[in-house]
Amino acid sequence: MAAPELRGELETYLQSLNIETICVEHPPVFTVEEMMPHLQEVSGAVTKNLFLKDKKKKSLWLVSTRHDRQVNLNDLAKKLGLGSGNLRFADEAAMLEKLKVGQGCATALALFCDKDQSVKFVLDSDLVNGGHERVYFHPMTNAATMGLKPDDLLKFLKETGHEPTLQSFD
């Protein structure tokens with residue numbers, strides 16, 4: 001399924017949960033650096049998202065942090081009890097299979113596609129506890145950025161069966 005159909009599906013799903021969003025359309029972007037000039041006017045926290053795999057257990061992880069955070073994969077693996085050196089970037093084929101998005105489009109909002117809850121979700125605790133008006137993610141396409149209230153993000157995650165592991169990235 002192509003991005004426009006998936007975005008429409010996501011928007012319909014969010015509406016069914018009474019989640020209000022705002023959206024900024026922009027050219028396709030593949031890095032946070034490319035995206036930020038298009039989001040100068042937004043109020044809240046912009047995210048970056050990493051799709052990872054545990055090399056031992058072969059489990060998949062989606063990690064969403066504030067865009068300005070450094071993510072040390074060895075430290076994160078230790079905090080998650082996976083052992084240092086065991087988290088790696090997952091390949092695009094796994095992301096397409098589980099989240100229906102490709103490179104540059106990783107997003108917590110794609111978890112609604114993970115019907116069997118096989119992707120574990122790690123969320124920067126600052127995104128929900130940092131007093132942000134909204135948190136921003138790609139809506140199944142890297143040609144837009146969608147903002148929703150932190151409480152609505154938690155409602156979305158609960159409805160999709162993805163209880164987040166809250167992690168500090170300070």
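Residue numbers start at 1 and run along the sequence shown.
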Gap between atom OG1 of Thr12 and atom CG of Leu17 - 0.5 Å precision: 11.0 Å
Is Met95 reachable from Leu50 through a run of I, L, V, M, F, W or Y residues, each pair having side-chain heavy atoms under 4.5 Å apart? no
Got a sec, which residues hit side-chain contact (heavy atoms from CB on, under 4.5 Å) with Gln15, two or more places apart in sequence or on another chain? none
By salt bridge (charged side-chain N to carboxylate O under 4.0 Å, His left out) - contacts of Asp75 (at least two apart): none
Residues two or more places apart in sequence or in another chain: which of them pass salt bridge (charged side-chain N to carboxylate O under 4.0 Å, His left out) with Glu159? none
Which residues satisfy the side-chain contact (heavy atoms from CB on, under 4.5 Å) test with Thr31, sequence neighbours excluded? Glu33, Glu34
Using distance alone, with no hydrogens and no angle criterion, decide if Thr47 and His67 have a side-chain donor and acceptor under 3.5 Å apart. no
Arg66 meets the salt bridge (charged side-chain N to carboxylate O under 4.0 Å, His left out) criterion, sequence neighbours left out, with Asp68, Asp126
For Lys79, does the NZ atom have more than 12 heavy-atom neighbours from other residues, nucleotides or ligands under 6.0 Å away? yes
Please enumerate all residues that pass side-chain contact (heavy atoms from CB on, under 4.5 Å) together with Ser59, with sequence neighbours excluded. Asp54, Lys57, Trp61, Lys120
Count the heavy atoms belonging to other residues, nucleotides or ligands that lie under 6.0 Å from CD of Gln117, then report whether that count exceeds 12. yes
Pairing residues for Asp170 by the side-chain hydrogen bond (donor to acceptor under 3.5 Å, both in side chains) criterion, not counting sequence neighbours: Arg69, Ser168
Does Asp116 have any salt bridge (charged side-chain N to carboxylate O under 4.0 Å, His left out) partners at least two apart in sequence or in another chain, and if so, which? Lys98
Looking at Glu5 and Lys100, does any basic side-chain N land under 4.0 Å from a carboxylate oxygen? no
Leu148 backbone acceptor or donor facing Asp152 side chain under 3.5 Å: no
What pairs of donor and acceptor atoms, side-chain ones from residues 36-45 against any protein atom, are under 3.5 angstrom apart with sequence neighbours left out?
residue: Gln40; atom: NE2; partner: Met36; partner atom: O; Å: 2.8
residue: Ser43; atom: OG; partner: Glu133; partner atom: OE1; Å: 3.0

Under the side-chain hydrogen bond (donor to acceptor under 3.5 Å, both in side chains) rule, collect the residues that match up with Gln70, sequence neighbours excluded. none
Can I get a per-line list of side-chain donor-acceptor pairs under 3.5 Å for residues 104-114, giving both atom names and the distance, sequence neighbours left out?
residue: Thr107; atom: OG1; partner: Leu109; partner atom: N; Å: 3.1
residue: Thr107; atom: OG1; partner: His138; partner atom: O; Å: 2.7
residue: Asp114; atom: OD1; partner: Ser118; partner atom: N; Å: 3.2
residue: Asp114; atom: OD1; partner: Ser118; partner atom: OG; Å: 3.1
residue: Asp114; atom: OD2; partner: Ser118; partner atom: N; Å: 3.0
residue: Asp114; atom: OD2; partner: Val119; partner atom: N; Å: 2.9
residue: Asp114; atom: OD2; partner: His162; partner atom: NE2; Å: 2.7

Give the cluster check for Leu127 versus Met35: same hydrophobic cluster or not, with ILVMFWY residues linked at side-chain heavy-atom distances below 4.5 Å. no
Applying side-chain contact (heavy atoms from CB on, under 4.5 Å) to Leu96 and not counting sequence neighbours gives Glu92
